[in-house]
Amino acid sequence: MELIKEIIYKLCGSCFIFSENKIICTTSINNCFLLNIDYLKLKPTEKEILVNISPFLNSGEMRIVRIFTANEVRNNTLDIVIAYWSKEERSYVIQNINYLTDTKKTFSLSLGGYPKNSDDLEKSWSIITESYKKSTGLSLIDVLDLISKPNILYKTRYKLAVKLADKFNKLKEVKGF
């Protein structure tokens, strides 16, 4: 049973919550994006990570317009700052999330700062990047060109992980493993 958990974790761990008796899928692969992190030189060397942003998004259509990450990982954490354009809010939404490299999970630190236009977004963004550098000593790097939608490989991995989680849950339910 632990082997099934490990396989699911390696396939698409950021989309699942693991407990002793159940594996819960928390999101659709469509609520994630791939971030090429080759520039960070992570160990073990990963070329890209799957970042789950679904728990943090407001309802309505949102489009990522800016995304910055720290220039290095601290304490198994990669800081990510995202600006979305929200059609529903008719404003930008700025979000700060942490990607935990050891668990492949994302946690939202803050969601807010609703600049109404691109000039206000520039001012907010400048304040965020300057205060981040002062508080952490790290720089934020523009990675908008390094994100993409999950490709067919990740979609297939996700589908396989969902099926394995269903099998795991049924086995636990029926046999009480």
Side-chain angles (χ1 to χ4, degrees), residues 1-58 62 64 66-84 93-113 124-125 127-151 153-162 164-165 168:
M1 296 307 270
E2 289 303 313
L3 180 60
I4 293 173
K5 283 183 178 181
E6 189 175 323
I7 291 169
I8 293 169
Y9 175 77
K10 288 186 182 208
L11 287 171
C12 212
S14 64
C15 297
F16 293 86
I17 294 175
F18 301 88
S19 71
E20 192 172 314
N21 296 318
K22 196 163 190 157
I23 300 173
I24 302 165
C25 182
T26 60
T27 188
S28 162
I29 192 76
N30 296 326
N31 294 328
C32 300
F33 65 83
L34 289 174
L35 172 60
N36 180 327
I37 56 162
D38 199 29
Y39 67 94
L40 288 173
K41 310 291 187 241
L42 287 176
K43 296 191 177 31
T45 305
E46 296 179 80
K47 297 270 187 212
E48 58 194 12
I49 57 175
L50 186 66
V51 180
N52 175 4
I53 57 174
S54 66
F56 320 121
L57 292 177
N58 292 341
M62 299 181 91
I64 295 175
R66 287 231 167 137
I67 181 167
F68 281 38
T69 67
N71 60 342
E72 67 181 65
V73 173
R74 296 177 305 143
N75 302 322
N76 292 325
T77 302
L78 176 63
D79 297 324
I80 303 172
V81 183
I82 304 172
Y84 306 94
V93 179
I94 298 174
Q95 176 184 19
N96 185 356
I97 62 174
N98 284 340
Y99 176 85
L100 305 181
T101 59
D102 56 345
T103 64
K104 301 183 180 188
K105 301 290 183 214
T106 50
F107 294 93
S108 182
L109 297 177
S110 63
L111 181 66
S124 296
W125 206 256
I127 291 168
I128 289 168
T129 55
E130 287 174 26
S131 64
Y132 184 83
K133 186 166 187 144
K134 283 180 186 175
S135 67
T136 66
L138 301 175
S139 298
L140 289 172
I141 301 168
D142 184 352
V143 293
L144 187 61
D145 293 339
L146 301 177
I147 65 169
S148 63
K149 292 181 177 181
N151 57 31
L153 172 65
Y154 276 89
K155 289 179 179 180
T156 303
R157 290 170 65 167
Y158 174 79
K159 287 178 184 176
L160 180 59
V162 167
L164 283 172
F168 176 91

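Summarising the geometry of Lys5 relative to Phe18, their closest heavy-atom pair is O-CE2, 3.7 Å, with the distance given to 0.1 Å. The minimum heavy-atom distance between Cys12 and Ile29, with the atom names listed, is SG-CD1, 4.0 Å. For Arg74 against Thr136, the heavy-atom pair with the smallest separation is NH2-CG2, 3.8 Å. Closest non-hydrogen pair, Asp142 versus Leu144, comes out as OD1-N, 3.0 Å. The two residues Ser124 and Ile94 have their closest heavy-atom pair at CB-CD1, 3.8 Å. In this structure, Leu138 and Ala70 approach most closely via the heavy-atom pair CD1-CB, 4.2 Å.
Lys105 places no side-chain N or O within donor-acceptor distance of the main-chain N or O of Asn52, the cut-off being under 3.5 Å. A donor-acceptor pair is defined here as one N or O able to donate and one able to accept, closer than 3.5 Å; no such pair exists between the side chain of Asn75 and the backbone of Thr77.
Rounding to the nearest 0.5 angstrom, the gap separating the CD1 atom in Ile141 from the OG1 atom in Thr129 is 12.5 Å. Between the CG atom of Leu164 and the SG atom of Cys25 there is a distance of 12.0 Å, given to the nearest 0.5 Å. Once rounded to the nearest 0.5 Å, the distance linking CG of Asn96 with OH of Tyr132 reads 8.0 Å. The line from CD1 of Ile97 to CZ of Phe107 is 11.0 Å long, rounded to the nearest 0.5 Å. Separation of atoms CD1 (Ile80) and OG1 (Thr106) is listed at 7.5 Å; rounding is to 0.5 Å. Once rounded to the nearest 0.5 Å, the distance linking CD of Glu48 with CG of Leu34 reads 4.5 Å.
Side chains of Tyr158 and Pro150 form no contact here, defined as non-hydrogen atoms less than 4.5 Å apart. You'll find the side chain of Phe16 reaches within 4.5 Å of the side chain of Val162, heavy atoms only. When side chains are defined from C-beta on, Thr27 counts as touching Cys32, because their heavy atoms get closer than 4.5 Å. Side-chain contact between Glu6 and Lys10 is present, with heavy atoms from C-beta onward closer than 4.5 Å.
With sequence neighbours left out, the salt bridge (Lys or Arg N to Asp or Glu O under 4.0 Å) criterion links Arg66 to Glu122. Partners of Phe68 under the ring-ring contact (aromatic ring centres under 6.0 Å, His included) rule, at least two apart in sequence or in another chain, are Trp125.
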#### Entry: CA sep, side-chain torsions, deciding dist, call: Asn98, Asp79, side chain to side chain contact (heavy atoms under 4.5 Å, CB included)
CA-CA 5 Å; Asn98 284 340; Asp79 297 324; 2.6 Å; yes

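Taking the ring centre of Tyr9 as origin, the terminal cationic atom of Lys104 falls inside the region bounded by 6.0 Å and 45° from the ring axis.
A side-chain contact (heavy atoms from CB on, under 4.5 Å) with Phe33 is found for exactly one of Leu146, Ile67, Leu50, namely Ile67.
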